[in-house]
> 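What follows is a single structure, and I will ask about it in a moment.
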Amino acid sequence: MIPLTIETDIVFWICGPLMVAGAFGLVLFRKAVYSALSMAFVMVNLAALYAAMGAPLLAAAQIIVYTGAIMMLFLFVLMLVGVDRADSLVETIKGQRVWTALAAIGVAGLIIAGIGHVAAASAGLDSANEAYGGNVQGLAAMLFNRYVFPFELTSALLITAAVGAMVLAQHARLTPKKTQAERAAERMEAYATAGVHPGALPNSGVIARHNSIATPALLPDGSISGESVSEVLLGRGAIVDTPALSALTAANFAGVAAELEGEEPPVPPALDTGPKPASLEGATPADTAELAPESGASDAAVEDEEESK
Amino acid sequence: MNIADPTFEWFALSPVLAVLAAACLGVLAEAFLPQKPRYYAQLALAEIGLLGGFALLVWNWSAAAVSASGAPQAVTGAKLAMGALVFDPPSYLFWGALLVFGALAVAVFGERAMTGATAFAASVSAIPGSQAEADAIAAKREHTEVFPLALFSLTGMMVFGSAGDLLTMFVALEVMSLPLYLLSGMGRRRRLFSQEAALKYFLLGSFASAFFLFGMALLYGYSGSFDFAVIDTSLATSEMNRGILLAGLGLMAVGLLFKMGVVPFQSWVPDVYAGAPTPVTGFMAICTKLAAAAGLARVFFVALGGERWSWQPVFAVLAIATMAVGVILALSQTDLKRLLAYSAISHAGFLLTAVVGAYQFVPEGQLNSLGAIFYYLVAYGFATIPAFAIITTLRDTSGGEATDLAKWSGLGKSNPLLAGIFSLLLLSFAGIPLTAGFIGKWAVFAAAWQGGFWWLAITGIGFSLVAAYVYIKVIVAMFFGEPAEGVQLGQASMLTWLPISLGAIGTLWLGLFPAQLMDLIAQAQVFVK
Amino acid sequence: MNPDLVLWLAAILFGIGALGLMTRRNALVAFMCVELMLNAANLVLVTMSNVHGGLDGQVAAFFVMVVAAAEVTVGLSIIVMVYRSRRSTSVDAANLLKQ
């Protein structure tokens, strides 16, 4: 293992404050994803500190196991349970936050006061590392000799974790899985009896500036097709207001046509006439400005939009 | 590089390995056996593992009690598995108690005669109230993983109480806790309660293990080793700042006292005891306490015994607070499971008085602090497992357990036998003479007194008198109250009746003839460093 | 280097973790705070390993990582189970057991 040549002190003074900042981020960010990323940031800095403190194996394990596996597991679960909800800041117990903060400062203060001054200078790891020819070898010698029993005992821990995750998450299938033929027959029957469209659902809308899955497709009469976007997005109301966009386009087009005929261009309607859903990337005032027919370039955009309809 | 081969004392390790092997075989059985015979295989495997482990332990003891020439000798201790475990006389005691109480508690896990199913959810992953759950119940699915999980937990408990170093202890702490978090969340009825109990237990439990770990790291910093014996010698020789020792001691105490359910770390106990499936509550109530008490005693008597002047006063205050909270809050409970949970908190306080005494070197044949703790726990175990088993037998009209205290009114008229046994157990909890609980209370208070904490012993006696009122109130309701409407006794099988009857016999026996067990304990109550 | 500073850093991180666990409502974030506390303990172990010139502390830190991985698996599956039942990971929503 190549020894890290930077002075430990320098690494400490860089990583230490960053770690404290990351830890505060973990506690203070309202969004759980930001908290998780702050935590990962703390862990990476900790790995750097380990490397500087003569623990190369732990530095690698910190990155691979902690940051790479454990934090990513957290992120997976965060994605599963919904990331867009910020934590409520309402205190359920009055004054709890102040008291807790005081208690935590007290705990940390007591520990720091207790640690005080260690009184012993670092003995360094050189002799311990040399005994078996290196840090990793030295750790292996302890792991497979002195600490072999707890090492084997961790297998019980890992089996418990695997069994537990399976018990809590796996749902045994009680009815046989439907074959493709049965599914097709069901679709056709639904079509015959209830008139449900048997084919695939329509795509989401592809319009000049918007082709995200949050953009509903427009039906020939100009209304949106609810089937063209995911039910989840519809439920959240997180879709782009396509009719408003197309109304703007139509107005622009009318304006261009009128200009060609030599008349004064009518003022384009304001975007927020209809009920505007809380959109992911909905039309903003900036969009409105860009869509205003002022130059040839925007004319081209208008034409594009027209074509896409 | 050449790593020396580790040596294992297989025969001495065999009680732990038997339980661990039964757990691993149980996981395999889960994977390969068809659904119908799985339940029977798992139950049999668990009981064989636990009773087999107990047989191996007795064999070990009888082999160690005879010298090479055939003459009887005192059992001494040995370090096992490269020093990770200490197989000293107290280890025999605690392992034996864990295996016996584990076998009784796991038998209650298997009870399904009363409702046609075990106390565990048909499908834990199905959302409560959903079609999937109804389907799983109709298909008579059941989670037989509970047996291996309980065995893993017991493995951890056995190692926890006999660990030779802090690192093994930390790993064992997690091995014993993780299955308990899972088991608490698997209740069949009132599933939201059960899941909430699991979440609460898990968050607070991992919080406590973080404290334990930080304390352990500081103790390592002070002494340069995880080994209890080395920590003990370093108390006098270390050149480190003593503040590190005190901070480490305090943080480790938080982690250990949490597992015991001592105030101010008791808040999880009522919620988890009430929310978890009742058989699991019985299992946790005694086995976790046994392991936690053994671990607490080992850390504070063996490793930190030389520092006792700094922890005894704090523990004395905590013991009084624990007894007070347990007893006073139990007075106002209307739910039987919660009442027994608060009673468990008060018992943790009574136990702690003996720890505070730290009375170790005694005349031949008397109980020291550790012996008193052990006697108390055996008495508590013989009362608490059947008590929770009896709670499972009274059912309301929907088939769920009737834990409301009002529903137990008048039970003495409809079923005098069951009500009589339950009264006996409650009297043992209260510490009334002629029951095991009385001898246990007498032993712990005597240990505190001998250790110089006479005022603590007197306070404890006061609280146990107040606590008696709680239990007698229940007994009076059972025998003199109007019979409650809408409840009936389930037709329990031997799996419930065996622990109930054995527990009742044990409670009476230890109350009337305590000498035998006391003699055994007196031979085996000194830790080996 | 001076081990005092690293130990103080570890104590600060531990305190911040404890603070977060007690104030944050989201069970996931609360659990991450526990992880922060475990990391702080690991930092103490590695530092003390340096001070004493023995590798026990590093081995212990290695064990803590294994234990944390298993604990996270169990913890997250419990959190997901609770979330599926009540569509919330807030510890305040879990109040059925309050008297």
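Convention: sequence-line order gives letters A, B, ...; per-chain numbering from 1.
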> Salt bridge check, B:R190 against B:E401: does any charged N sit closer than 4.0 Å to a carboxylate O?
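Here B:E401 does not pair with B:R190 in a salt bridge, since their nearest N and O are not under 4.0 Å apart.
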
> Does C:F31 form a ring-ring contact (aromatic ring centres under 6.0 Å, His included) with B:F202? I'd like the steps, not just the answer.
CA-CA 9 Å; C:F31 188 28; B:F202 169 74; 4.8 Å; yes

> Where on B:F211 is there a heavy atom nearer than 4.5 Å to chain C: the side chain, the backbone, both, or neither?
both

> Taking the side chain as C-beta and beyond, is there a heavy-atom pair between B:R338 and B:T403 under 4.5 Å?
no

> May I ask you to check whether B:E174 and B:S209 show a side-chain donor-acceptor distance below 3.5 Å?
yes

> What part of B:Y181 is in contact with chain C, defined as an atom under 4.5 angstrom from a non-hydrogen atom: side chain, backbone, both or neither?
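Both parts, backbone and side chain.
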
> Of all of C:A68, C:A70, C:S49, C:A11, which one pairs up most often with chain B through heavy atoms under 4.5 Å apart?
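Max contact count across the listed options: C:S49.
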
> Counting only non-hydrogen atoms closer than 4.5 Å, does C:A61 touch chain B with its backbone (N, CA, C, O), its side chain (CB onward), both, or neither?
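Contact with chain B involves no heavy atom of C:A61 at all.
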
> Heavy-atom distance under 4.5 Å to chain B: side chain of C:L38, backbone, both or neither?
both

> Going by heavy atoms in the side chains, are B:K79 and B:L85 under 4.5 Å from each other?
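No, every pair of side-chain atoms sits at 4.5 Å or beyond.
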
> What part of B:L213 lies closer than 4.5 angstrom to a heavy atom of chain C: side chain, backbone, both or neither?
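Both the backbone and the side chain of B:L213 come within 4.5 Å of chain C.
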
> Counting only heavy atoms closer than 4.5 Å, note whether B:S267 contacts chain C via side chain, backbone, both or neither.
neither

> Between B:L192 and C:S85, is a side-chain contact (heavy atoms from CB on, under 4.5 Å) present by the stated rule, with each step listed?
CA-CA 7 Å; B:L192 290 180; C:S85 299; 3.6 Å; yes

> Sort out for me which of B:A198, B:S206, B:G215, B:P128 touches chain C most, counting heavy-atom pairs under 4.5 Å.
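That would be B:S206.
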
> In terms of side-chain heavy atoms, does C:E35 have a donor or acceptor partner in C:N39 at a distance below 3.5 Å?
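The answer is no; no qualifying pair exists.
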
> Can you tell which part of B:L166 gets under 4.5 Å to a heavy atom of chain C, answering side chain, backbone, both or neither?
neither

> Between chain B and each of C:G54, C:G57, C:G53, count heavy-atom pairs under 4.5 Å; write down the option with the most.
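If we count pairs closer than 4.5 Å to chain B, C:G57 comes out on top.
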
> Side chain, backbone, both or neither: which part of B:Y220 has a non-hydrogen atom closer than 4.5 Å to chain C?
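When you check distances to chain C, atoms from both the backbone and side chain of B:Y220 fall under 4.5 Å.
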
> Just by distance, with hydrogens left out, do C:N50 and C:T47 show a side-chain donor and acceptor under 3.5 Å apart?
no

> Could you look at C:A18 and say if it's the side chain, the backbone, both or neither that has a heavy atom under 4.5 Å from chain B?
both

> In terms of side-chain heavy atoms, does B:T288 have a donor or acceptor partner in B:K259 at a distance below 3.5 Å?
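B:T288 vs B:K259: no donor-acceptor pair found between side chains.
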
> Contact part of B:Q195 toward chain C, heavy-atom cut-off under 4.5 Å: side chain, backbone, both or neither?
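Its backbone and side chain both get close to chain C.
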
